[in-house]
Structure formats: C-alpha cells, structure tokens
Trainee: 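Let me give you the structure first, and then I'll get to my questions.
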Amino acid sequence: MKNIVLLCAQGMSTGMLMNKMRAAAKASGYECTISASSVSQAKTAAETADCILIGPQVRYELDNVRKQCPDLPVDVIDMVAYGRLDGVKVLAAAQKLMED
C-alpha cells in the first residue's frame with residue numbers, strides 16, 4: 001500500500017484535497033493512505049511516505065523539501081487541479097510520480 005503525503009503552509013488547505021483524493025482512490029479501488037501536513041513537517045512526514053506533493057502556494061519550498069527527502073519523489077501539485085480540488089487528477093499525478 002502506497003502512502004501519499006500532501007504538504008502546504010499549514011496542512012489545512014490540502015486537507016480538503018486529501019478527502020477528494022481518498023474518495024477517488026476508493027472509487028477506483030486503489031489502496032493507499034493519503035495524509036496532509038505542514039511543509040515545516042516534511043522530514044517527519046517523509047518517514048513513511050512513498051511520495052510527497054506540495055501545494056502550489058508553497059512551491060518555493062520544492063528544493064528545500066527535495067533536499068530534506070532525497071530518496072522520495074517530490075513534486076508540486078498542478079495549480080488548476082489544486083484550485084478545483086480535483087482529487088482524481090492529483091491522485092493520478094501521485095501515481096505517475098511513484099512510477100517514475
């Protein structure tokens with residue numbers, strides 16, 4: 001089972017997206033865990049993560065998170081998908097990120 005971690009400034013705005021992604025995963029039968037946290041907790045969140053997605057509002061933290069988590073795939077969530085709370089699209093992006 002894969003563990004997807006979403007990071008944003010406080011972990012709150014990604015919380016709504018997390019719920020949409022969980023619903024998308026359940027609907028498609030994809031077994032995973034999805035959690036949301038603050039970008040300041042990246043190192044701790046990474047301990048159990050298979051990939052990390054960062055909210056577009058904290059994209060400036062991308063290099064910092066990659067340095068803290070060198071063994072994990074890390075990317076920024078597409079701004080349009082984030083704004084629309086498109087759980088299906090963001091889940092697909094996480095799956096692709098873990099494949100690469």
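We count residues from 1, following the sequence as given. The figures that follow rest on heavy atoms only: side chains count, while hydrogens, waters and symmetry mates do not.
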Trainee: If you measure from CG on Asp75 to CG on Leu72, what distance do you get to the nearest 0.5 Å?
Mentor: 13.0 Å
Trainee: Under a single-linkage definition using a 4.5 Å side-chain heavy-atom cutoff for Ile, Leu, Val, Met, Phe, Trp and Tyr, are Tyr60 and Val76 assigned to the same hydrophobic cluster?
Mentor: yes
Trainee: Run the numbers on Arg59 and Leu62 for side-chain contact (heavy atoms from CB on, under 4.5 Å), then give the verdict.
Mentor: CA-CA 5 Å; Arg59 71 180 319 120; Leu62 180 61; 5.6 Å; no
Trainee: With the side chain counted from C-beta on, respond yes when Leu6 and Ile34 share a heavy-atom pair under 4.5 Å apart, and no when they do not.
Mentor: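 Side chain of Leu6 against side chain of Ile34, heavy atoms only: contact under 4.5 Å found.
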Trainee: Consider only side-chain heavy atoms of I, L, V, M, F, W and Y, link residues closer than 4.5 Å, and tell whether Ile77 and Met79 are in one cluster.
Mentor: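 Hydrophobic grouping puts Ile77 apart from Met79.
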Trainee: Ignoring hydrogens and angles, tell me if any N or O in the side chain of Ser37 forms a donor-acceptor pair with the backbone of Leu7 under 3.5 Å.
Mentor: no
Trainee: Do Lys20 and Asp86 have side-chain heavy atoms sitting under 4.5 Å apart?
Mentor: no
Trainee: Using 0.5 Å steps for rounding, measure from the NZ atom of Lys67 to the NZ atom of Lys43.
Mentor: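 Answer for the NZ-NZ pair, Lys67 versus Lys43, is 13.0 Å.
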Trainee: Between Asn3 and Thr48 (side chain of the first, backbone of the second, donor and acceptor by atom type, cut-off under 3.5 Å), is there such a pair?
Mentor: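 Yes; judged by distance alone, with no hydrogens or angles, the pair exists.
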Trainee: Is the closest side-chain heavy-atom distance between Cys69 and Ile52 below 4.5 Å?
Mentor: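 They are in contact (side-chain heavy atoms under 4.5 Å apart), so the answer is yes.
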Trainee: Working to the nearest 0.5 angstrom, can you tell me the gap between Lys96 NZ and Cys51 SG?
Mentor: 12.5 Å
Trainee: Please lay out, stage by stage, how Met1 and Thr33 fare under the test side-chain contact (heavy atoms from CB on, under 4.5 Å).
Mentor: CA-CA 7 Å; Met1 183 179 316; Thr33 59; 3.7 Å; yes
Trainee: Do you reckon Val90 sits in the same ILVMFWY cluster as Leu97, going by side-chain contacts under 4.5 Å, direct or chained?
Mentor: yes
Trainee: If only atom types and distance count, is the side chain of Asp50 paired as donor or acceptor with the main-chain N or O of Ile4 below 3.5 Å?
Mentor: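 Between the backbone of Ile4 and the side chain of Asp50 there is no qualifying donor-acceptor contact (under 3.5 Å).
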Trainee: Are side-chain heavy atoms of Met18 and Arg22 found at a separation under 4.5 Å?
Mentor: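 SC-SC contact between Met18 and Arg22 confirmed.
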Trainee: Between the side chain of Arg66 and the main-chain N/O of Val74, is any donor-acceptor distance below 3.5 Å?
Mentor: yes
Trainee: Evaluate Val5 against Leu53 for side-chain contact (heavy atoms from CB on, under 4.5 Å), listing each step before the verdict.
Mentor: CA-CA 6 Å; Val5 173; Leu53 293 173; over 6 Å; no
Trainee: Working to the nearest 0.5 angstrom, can you tell me the gap between Ser40 OG and Gln68 CD?
Mentor: 9.0 Å
Trainee: Side chains of Leu17 and Tyr82: closer than 4.5 Å at any heavy-atom pair?
Mentor: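 Leu17 reaches Tyr82 side chain to side chain.
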Trainee: To the nearest 0.5 Å, what is the distance between NZ on Lys2 and CD on Glu31?
Mentor: 13.0 Å
